[in-house]
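Below you'll find the structure, written out as structure tokens, and then a few comments.
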Amino acid sequence: MRFATHDGPGIRTVVFFKGCPLSCWWCHNPEGQSFLPDRLYFTERCRHCLECGAICPEHAISEIEGVVHTSDACTLCGTCTTVCMAEARQIAGQRYTVEELIAEVEKDVVFFDESGGGVTLSGGEPLSQPVFVTLFLAACRERGIFTTLETCGFAQPDVFQQVALQADLVLFDLKFVDPAKHRQYTGVSSDLILRNLEQLVARQRPLTVRIPVIPGINDSTEDIGGFVEYLSRLRPPAIELLPYHRIGADKYRRLGLPYKLPHTPQPAAADLAPFRDALTEAGLNVALLTPGV
Ligand code: SF4
Ligand code: SF4
């Protein structure tokens with residue numbers, strides 16, 4: 001994604017890595033969860049011409065009672081995307097070598113230089129592809145490109161430190177400090193995540209802790225108290241509160257996946273003021289990001 005402005009300083013090109021060990025209920029990049037390519041179908045764009053069905057080598061596409069279906073015979077070959085003039089079919093995820101990816105982001109160097117921006121590695125979870133990410137970060141460094149690593153922190157500590165230390169800035173997503181809630185809403189334990197965060201702070205690396213604030217899930221008085229207590233001890237250099245948004249909800253439909261928070265409202269900035277104020281009163285450096293970012 002080019003011309004991003006909320007995932008690190010300046011104008012940024014964001015590279016989304018596929019595959020994530022977490023499955024957060026509010027994930028707004030569900031196409032990043034699987035390590036394999038995903039098939040996206042935009043119902044509202046489809047003209048029902050069935051050009052896709054005619055070319056599909058697996059005969060996986062058919063129309064039944066006015067609805068275009070794709071069966072499990074689909075091998076994600078992507079052929080159908082080449083004939084759909086309505087762009088109603090897309091494949092999310094493609095393979096790159098480090099050289100191919102660095103060539104792609106180098107096209108934007110002029111914007112990085114003018115704005116103090118750079119490349120952000122996001123996902124999915126970049127740390128799930130540690131060898132590639134290490135090589136890519138090194139290639140960026142060789143070219144003087146500023147790198148930001150956005151991570152959920154779930155990786156073996158030696159892998160985490162080895163990769164994270166290569167990035168110029170780490171945006172560390174912290175969802176819960178309550179271990180039971182972390183497991184319930186993300187599917188994994190928080191042990192590794194907290195340990196990696198604590199080591200990163202101890203190394204005094206450039207770091208921002210990002211808390212996605214999800215109404216009714218991690219913003220109760222008790223939740224806020226837990227964050228304040230934990231972060232007051234940890235004292236990271238910067239914290240950002242990221243209000244829940246529903247931008248990813250449509251993606252679930254395109255992927256044919258259920259969305260677990262169909263009725264959760266998007267909070268206004270004012271709704272997060274008590275959370276921000278509690279952290280500020282503890283002497284922490286807190287920013288509130290714009291809802292919908
Ligand atoms: S080619 Fe595109 S517009 Fe035509 S039926 Fe297939 S998905 Fe729909
Ligand atoms: S991705 Fe390939 S196999 Fe799957 S529906 Fe499209 S053409 Fe058929």
Side-chain angles (χ1 to χ4, degrees), residues 1-4 7 13-105 107-108 119-133 135-136 150 152 187 245-263 292:
M1 181 172 69
R2 296 194 147 89
F3 303 111
D7 299 301
T13 297
V14 184
V15 180
F16 294 94
F17 287 80
K18 262 182 85 56
C20 184
L22 276 63
S23 48
C24 303
W25 284 28
W26 56 89
C27 177
H28 62 274
N29 282 330
E31 73 277 26
Q33 291 187 357
S34 166
F35 285 85
L36 298 172
D38 280 304
R39 189 183 62 241
L40 300 171
Y41 173 58
F42 296 73
T43 319
E44 65 282 3
R45 295 183 191 170
C46 179
R47 299 174 189 158
H48 296 250
C49 64
L50 288 182
E51 292 289 331
C52 53
I55 201 169
C56 173
E58 308 300 332
H59 307 290
I61 301 171
S62 59
E63 186 169 24
I64 304 170
E65 296 180 353
V67 179
V68 176
H69 288 275
T70 305
S71 76
D72 291 344
C74 172
T75 59
L76 299 167
C77 70
T79 307
C80 55
T81 66
T82 64
V83 297
C84 180
M85 301 307 288
E87 298 187 347
R89 290 185 172 272
Q90 293 177 11
I91 299 291
Q94 62 190 91
R95 290 183 180 276
Y96 281 88
T97 64
V98 171
E99 292 72 23
E100 288 167 342
L101 191 56
I102 200 75
E104 195 61 37
V105 301
K107 295 174 185 172
D108 305 327
V119 172
T120 297
L121 291 71
S122 186
E125 174 49 61
L127 282 161
S128 293
Q129 302 184 47
V131 175
F132 185 99
V133 165
L135 293 171
F136 180 62
E150 185 175 16
C152 70
H245 58 69
R246 303 179 58 82
I247 291 172
D250 273 351
K251 295 183 184 175
Y252 285 80
R253 190 165 46 79
R254 291 168 195 154
L255 287 162
L257 297 173
Y259 187 52
K260 289 186 173 177
L261 300 176
H263 306 301

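When a ligand or atom number is given, it counts from 1 through the structure's own listing order. One is the number of the first residue; the rest follow in order along the sequence.
At a heavy-atom distance under 4.0 Å, only side-chain atoms of Ala88, from C-beta outward, approach ligand 1. Residue-level proximity to ligand 1 for Met85 is absent, since no heavy atom of it falls below 4.0 angstrom.
The aromatic rings of Phe132 and Phe17 sit perpendicular, their planes meeting at an angle over 60°, well past the 30° parallel limit.
With hydrogens and angles disregarded, no donor-acceptor distance shorter than 3.5 Å links the side chain of Arg254 to the backbone of Ala88. The closest donor-acceptor contact from the side chain of Lys260 to the backbone of Trp26 lies at 3.5 Å or more, if one exists at all. Counting only distance, with no hydrogens or angles, the side chain of Arg253 and the backbone of Tyr259 share no donor-acceptor pair below 3.5 Å. For the pair Gln129 (side chain) and Lys18 (backbone), a donor-acceptor distance under 3.5 Å is present. At distances below 3.5 Å, at least one donor-acceptor pair connects side-chain atoms of Asn29 with backbone N or O atoms of Gly123. Under the 3.5 Å distance criterion, the side-chain polar atoms of Glu125 are matched with a main-chain donor or acceptor of Cys152.
Scanning all heavy atoms of the two residues, the minimum distance from Gln90 to Glu87 falls at NE2-O, 4.1 Å. The nearest pair of heavy atoms linking Glu31 to Asp38 is O-OD2, 3.3 Å. Nearest approach of Pro30 to His28, heavy atoms of both residues: CD-C, 3.3 Å.
For atom 8 (Fe) of ligand 2, the closest non-hydrogen atom of the protein is Cys56 SG, 2.3 Å. Here the heavy atom of the protein found nearest to atom 4 (Fe) of ligand 1 is Cys49 SG, 2.3 Å. Of all protein heavy atoms, the one lying nearest to atom 6 (Fe) of ligand 2 is Cys80 SG, 2.3 Å. Scanning all protein heavy atoms for the shortest distance to atom 3 (S) of ligand 1 gives Arg47 N, 3.2 Å. In this structure, atom 2 (Fe) of ligand 2 lies nearest to the protein heavy atom Cys77 SG, 2.3 Å. For atom 1 (S) of ligand 2, the closest heavy atom belonging to the protein is Gly78 N, 3.2 Å.
Listed by atom number, the atoms of ligand 2 under 4.0 Å from Cys74 heavy atoms are 1 (S), 3 (S), 4 (Fe), 5 (S). With ligand atoms numbered from 1 in the order given, ligand 1 contributes 5 (S), 8 (Fe) to contacts under 4.0 Å with heavy atoms of His48. Listed by number with element, the atoms of ligand 1 under 4.0 angstrom from any heavy atom of Arg89 are 6 (Fe), 7 (S). Near Leu50, the atoms of ligand 1 lying under 4.0 angstrom from a non-hydrogen atom of the residue are 4 (Fe), 5 (S). Against a heavy-atom cut-off of under 4.0 Å, Cys84 is close to the following atoms of ligand 1: 1 (S), 2 (Fe), 3 (S), 7 (S).
When the heavy atoms of Ile55, Thr75, Ile61, Thr82 are ranked by distance to atom 5 (S) of ligand 2, first place goes to Ile61.
For atom 2 (Fe) of ligand 1, the N/O/S atoms of Cys46 include none lying under 2.8 Å.
Residue contacts with ligand 2 include Glu58, since one or more of its heavy atoms lies under 4.0 Å from the ligand.
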